[in-house]
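Following: one structure in structure tokens, then a few remarks.
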2 protein chains.
Amino acid sequence: MARTRSAGYDDQREMILAHAAELFSQRGYPATSMNQLAEACGLSKPTLYHYYRDKYALLVQIAEGHVARLAELVRGIEAEGLPAEPRLHRLIIRFVEEYADAQHAHRVLTEDVRFLEPEDRARVLVMERQVVDGFARALVELRPEFHEAQLATPVSMLLFGMINWMFTWLKPDGRLGYDRMALIVADLFFGGIHRIALTSLTPVPPPQDLQNPQEETPR
Amino acid sequence: MARTRSAGYDDQREMILAHAAELFSQRGYPATSMNQLAEACGLSKPTLYHYYRDKYALLVQIAEGHVARLAELVRGIEAEGLPAEPRLHRLIIRFVEEYADAQHAHRVLTEDVRFLEPEDRARVLVMERQVVDGFARALVELRPEFHEAQLATPVSMLLFGMINWMFTWLKPDGRLGYDRMALIVADLFFGGIHRIALTSLTPVPPPQDLQNPQEETPR
DNA sequence: CCTACCGATCGGTAGG
DNA sequence: CCTACCGATCGGTAGG
């Protein structure tokens, strides 16, 4: 609606990207028309195509840019050299903050990644994997048994489930904001991971000779 | 693909609905064409319109039917009269089972509910609320402090986050199936809810006179 | 940067 | 006349 006067090229691109992220997150990528986006930006449709080659380029930029920021966030926190528990706590807090500031891009990343072409989706998935691995590494330090049981990634994904889903239902009203909810998630998670029983998890760990360990079961 | 011979009217409707749920869950409601659906069903497009008034009727039926089954599931489990903890445990296990059997409908419910018209969406949201309330009731029995702190629903939503998100990333491979993952979720949740500190949650609970309780703060 | 369009495909329905 | 459909095409609109 508000037309920014004499904005630079990069500013215009960012403005368009922000409006695109908002519309995509609300209506979904396929259901958003370039006419709607042009109107939201206060630009003509041909002008849009001056800044972005096509509708698809917007989707790629939104998804890739957001996940790249998340991967960088993980690297930065790991570089701080904190022990596992405060590091994981900080990852949770910072991710909720980041999501709160980029809710539209985040919903696009989680819901519209399926509309990416294989090569673009592959790049995004690699970065998503780096993010999850950062959480899983901290988790393995807290519960080393998770490594052999191959539970670090699944349990990390449960954590992401709580956080990601939060942004589908929580409307911050002061009483319960994202920051407070992040603390609850952290309490729940740190309290819960020590209760996960491994007994029922290793599918059929036969009482094999532990003095003769095998790296891989040959078949 | 497989054209069912001499299927009854109701059978045909169910077959179409199942294919619609699958396509909607894969491509999203707006990006799915009636031509694609007709092809998937092995029917002509006019024949589709013999069974359903329009594309939108399919969306309503998928979402409403699924959430109605979930609400009924909650009612059935509550009718068993179990104590809170085993009841909540059973809710978790049964919901994961139900989602696993209705993954397509579930993704449509969670992602395409935004395309419902207001009156239809309102009905769906009422049933979703009944589902969440069933979980929240059990949670309040386990941690009564959650009631006053108004945390029962938010914490229940964290549980739904873990479960709902599970179906976006977990590809059951035998080693880690939905059933095993449900047990992990239950362990994590039951372990975690007792660690959620209320101290940092009640925003500014002034040390007011507890012997003179007020039902509502007048303003 | 706008008006004016295109090839195609959309959801939905005609006649028979 | 009904039902259960078919091949063909409708009026509008999508991305570009």
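Not measured: the values here are computed from a predicted model. In what follows, chains carry the letters A, B, and so on, assigned in the order in which the sequence lines appear, proteins first and then strands, with residues in each chain numbered from 1.
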(Q) Could you write out DNA chain C as dot-bracket? Rules: Watson-Crick or G-U wobble, both distances under 3.5 Å, brackets [ ] for crossings, | for pairs with another strand, dot for unpaired. (A) ....||.|.||.|.|.
Under the side chain to side chain donor-acceptor pair (under 3.5 Å) test, which residues partner [X], sequence neighbours left out?
X	answer
A:E72	A:R75
B:E64	B:R123
B:Y49	none

Atom [atom1] of [X] to atom [atom2] of [N]: distance rounded to whole Å?
X	N	atom1	atom2	answer
A:L43	C:dC2	CG	P	8 Å
A:L59	D:dG16	CG	P	12 Å
A:H50	C:dC1	NE2	P	7 Å
B:I16	D:dC5	CD1	P	9 Å

Q: Between C:dA4 and D:dG16, how far apart are the P atoms? Round to whole Å, please.
A: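 Each nucleotide's P atom is 22 Å from the other's.
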Q) Think A:S44 has a side-chain N or O under 4.0 angstrom from the OP1 or OP2 of C:dT3? A) no
(Q) Can you tell me if B:Y51 touches the phosphate of D:dA4, counting only side-chain N or O atoms and a distance under 4.0 Å to OP1 or OP2? (A) no
Expected rows: protein N/O vs nucleotides 8-11 of chain C N/O, under 3.5 Å:
residue: C:dG11; atom: OP1; partner: B:T32; partner atom: O; Å: 2.9
residue: C:dG11; atom: OP1; partner: B:K55; partner atom: NZ; Å: 2.6
residue: C:dG11; atom: OP2; partner: B:M34; partner atom: N; Å: 2.9
residue: C:dG11; atom: N7; partner: B:K45; partner atom: NZ; Å: 3.2

Q. Under the side chain to side chain donor-acceptor pair (under 3.5 Å) rule, what pairs show up with a residue in residues 160-169 of chain B, not counting sequence neighbours?
A. B:H106-B:N164
Q: Please list, chain by chain and in numerical order, all residues satisfying ring pair (Phe, Tyr, Trp, His ring centres under 6.0 Å) with A:F24, sequence neighbours excluded.
A: A:Y29
Q: Enumerate the residue pairs fulfilling salt bridge (Lys or Arg N to Asp or Glu O under 4.0 Å) with a member in residues 49-58 of chain B, sequence neighbours excluded, ordered by first and then second residue.
A: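 Those involving residues 49-58 of chain B do not exist here.
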(Q) Could you check whether atom CZ of A:R195 has more than 12 heavy atoms from other residues, nucleotides or ligands sitting under 6.0 Å from it? (A)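 No, because the 6.0 Å sphere around CZ of A:R195 holds 12 heavy atoms or fewer from other groups.
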Q. B:E117: what forms a salt bridge (Lys or Arg N to Asp or Glu O under 4.0 Å) with it, not counting sequence neighbours?
A. none
